[in-house]
There are 2 protein chains.
Amino acid sequence: MIIDENINTDLRKIEDQFKSAISVDCVIFGYDEDYVDLQALTLDCNMSPYEGQFSLVGDLVQPNENLDEAAQRILLERAGFNDVFLEQVKTFGSIDRHPKGRVISVAYSALVKLSEFKIASENPHHPSWQPFNHLTEGNMAFDHFEILQASIQYLRKHILTLPVEYMLPNKFTLSQLQSLYEAILNEPLDKRNFRKKILKLDIIKETKEYQKNVAHRPAKLYQLKRNRKKDAKEAIS
Amino acid sequence: MIIDENINTDLRKIEDQFKSAISVDCVIFGYDEDYVDLQALTLDCNMSPYEGQFSLVGDLVQPNENLDEAAQRILLERAGFNDVFLEQVKTFGSIDRHPKGRVISVAYSALVKLSEFKIASENPHHPSWQPFNHLTEGNMAFDHFEILQASIQYLRKHILTLPVEYMLPNKFTLSQLQSLYEAILNEPLDKRNFRKKILKLDIIKETKEYQKNVAHRPAKLYQLKRNRKKDAKEAIS
DNA sequence: TCAAAAGTGTTCCTCATACACCCATGC
DNA sequence: GCATGGGTGTATGAGGAACACTTTTGA
């Protein structure tokens with residue numbers, strides 16, 4: 001018994017020594033033509049002192065997985081999302097950012113289509129989409145609001161080189177695309193200038209189809225030109 | 001004895017579990033008007049299997065220090081450099097990037113003036129300035145060449161918003177500044193266009209002094225306008 | 001015929017680029 | 001007087017910003 005206690009004490013010492021851990025936090029932005037507002041994926045935090053607040057989708061990195069792999073796994077395990085194009089944004093390492101000890105967190109971010117990433121209602125982590133503008137320093141756990149801010153800033157800065165069209169249906173109108181840009185940038189854009197710029201980027205092509213059953217002149221539908229996801233990956237490296 | 005061995009075995013198990021660590025690697029770029037070439041700060045690596053290769057200035061992050069603080073401390077301890085403006089670049093976390101176990105490394109980068117950051121010859125870590133272009137995948141330890149590449153890419157991309165003038169003497173000529181830009185970008189620039197662009201940036205001001213004792217028309221000397229270091233810090237956030 | 005969104009062109013300004021010659025000094 | 005780098009202006013084209021009216025459809 002005494003021996004066991006000694007062992008435990010020693011173990012605890014070691015644990016203290018190594019009480020720093022690495023985690024990944026994923027900032028997933030969601031959008032859908034019908035929603036208007038940009039959404040962000042959150043979990044319900046049940047860790048003291050943050051009970052009832054929102055947290056990002058995060059977990060510890062395992063010893064046998066790369067950071068990028070960890071991000072994919074965590075997103076699958078906690079939110080049920082597969083095959084998402086994640087990018088590293090920044091690393092957060094303040095001493096006291098986590099109440100349980102030293103946790104250094106690498107932030108990743110991605111863009112998804114709400115209609116394709118429905119949340120399973122029985123998920124024990126209670127993931128949910130929250131309107132981006134409703135998330136505040138006050139209702140987010142840990143330093144996750146700061147991470148959210150860094151991610152939206154990254155997204156806004158790189159909006160022209162990120163595959164944001166993946167947040168839209170396969171075929172979409174230019175107005176839908178413009179609404180998406182406006183949701184991300186949180187500012188109105190000029191229609192004519194927007195069209196000129198997008199068409200010059202040479203990433204989408206028009207189809208021969210038009211909207212149907214709309215109470216106004218039907219809009220032409222557009223499609224992606226190539227594999228923009230792959231392009232984006234290559235462009236970033 | 002048996003007991004002790006058991007304890008050690010248990011400790012080792014725990015150590016294995018927690019054998020992931022966090023480090024910071026600093027990529028310090030150095031320049032001096034007389035050198036022409038951009039330099040990078042390296043240490044002599046003596047860890048197998050990288051003996052004789054160059055490494056970046058890095059070390060483990062302590063449990064009680066923030067990442068930014070760790071970068072400052074490590075740079076001071078290993079290279080003797082104080083008060084350097086460091087910026088986080090990217091985090092590297094491949095499973096097998098370090099032979100001794102799982103080490104996740106946060107890369108930081110900074111710009112310094114060679115003449116102000118002389119290396120103490122008795123330094124046990126053997127820091128040295130290496131011409132940037134001489135560093136290769138082949139002569140750098142770990143994944144440090146990859147980190148170096150990410151850092152120079154970051155520097156080139158942000159050259160207009162980073163306080164690169166801090167790599168020059170207090171008073172400098174526009175030609176000296178142009179040479180610095182050319183060293184960083186590794187490409188020649190047009191003299192007239194360069195001057196127009198820099199002067200429009202409104203970050204330097206002319207003095208009433210001129211070069212002396214040069215065998216050609218003496219150049220006007222310029223100075224920084226404000227605290228560009230502070231400006232840069234605010235601009236990044 | 002009305003409401004609602006689609007679609008379209010021009011002007012102005014700023015900025016990037018390309019490019020060549022005279023100027024002041026030390027030797 | 002000559003070698004050396006300092007210093008300057010202009011023309012052209014691309015891209016961003018501002019701005020208003022006509023078209024097509026369903027109801």
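Note that these values count all heavy atoms, side chains included, but never hydrogens, waters or copies made by symmetry.
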Looking at Lys197(B) and dT14(C), is any side-chain donor or acceptor paired with a base atom of the opposite kind under 3.5 Å? no
In whole angstroms, the gap separating C1' of dT17(C) from CD of Glu187(B) amounts to 13 Å
Can you tell me the distance, in whole Å, between the CG atom of Asn193(B) and the P atom of dG13(D)? 16 Å
Atom CZ of Phe194(A) and atom C1' of dA6(C) are separated, to the nearest Å, by 14 Å
Between P of dG7(D) and NZ of Lys220(B), the distance in whole Å: 7 Å
So, does Thr42(B) use its side chain to make a donor-acceptor pair with the main chain of Ser128(B) at under 3.5 Å? yes
Quick one: the side chain of Arg192(A) and the base of dA17(D), do they pair up donor-acceptor inside 3.5 Å? no
Parallel, tilted or perpendicular: which describes the rings of Tyr50(A) and Phe142(A), with under 30° parallel and over 60° perpendicular? tilted
Separation of dT8(C) P from Ile198(A) CD1 (nearest whole Å): 15 Å
If you find the nucleotide of DNA chain D closest to Ala215(A) and the one closest to Lys196(A), which residue's nucleotide is nearer the 5' end? Lys196(A)
On DNA chain D, compare the nucleotides closest to Val214(A) and Arg195(B); which residue's is nearer the 5' end? Arg195(B)
I'd like to know if Lys200(A) reaches the base of dG15(D) with its side chain such that a donor and an acceptor end up less than 3.5 angstrom apart. no
Within the structure shown, what part of the strands sits under 4.0 Å from Lys191(A) by heavy-atom distance: base, sugar-phosphate, or nothing? base
Taking only Lys NZ, Arg NE, NH1 and NH2, and the carboxylate oxygens of Asp or Glu, determine whether Lys90(B) and Asp143(B) approach each other closer than 4.0 Å. no
Whole angstrom is fine here: how far is it from CZ in Arg217(A) over to P in dT1(C)? 21 Å
For Asn213(B) and dG5(D), give me the distance from atom CG to atom P, rounded to whole Å. 16 Å
Options dC23(C), dT4(D), dA18(C), nucleotide nearest the side-chain atoms of His216(B): dT4(D)
Could you tell me whether a side-chain N or O of Gln72(A) sits under 3.5 Å from a main-chain N or O of Val84(A), the two making a donor and an acceptor? yes
Looking at every strand, decide which applies to Ser175(A) at a 4.0 Å heavy-atom threshold: base, sugar-phosphate, or nothing. sugar-phosphate
Rounded off to whole Å, could you give me the CG-to-P distance for the Leu201(A) and dA14(D) pair? 17 Å
Looking at Asn139(B) and His134(B), would you say the former's side chain and the latter's main chain have a donor-acceptor pair under 3.5 Å? yes
Given DNA chain C, 5'-ward residue of the pair Asp190(B) and Asp190(A), judged by closest heavy atom: Asp190(A)
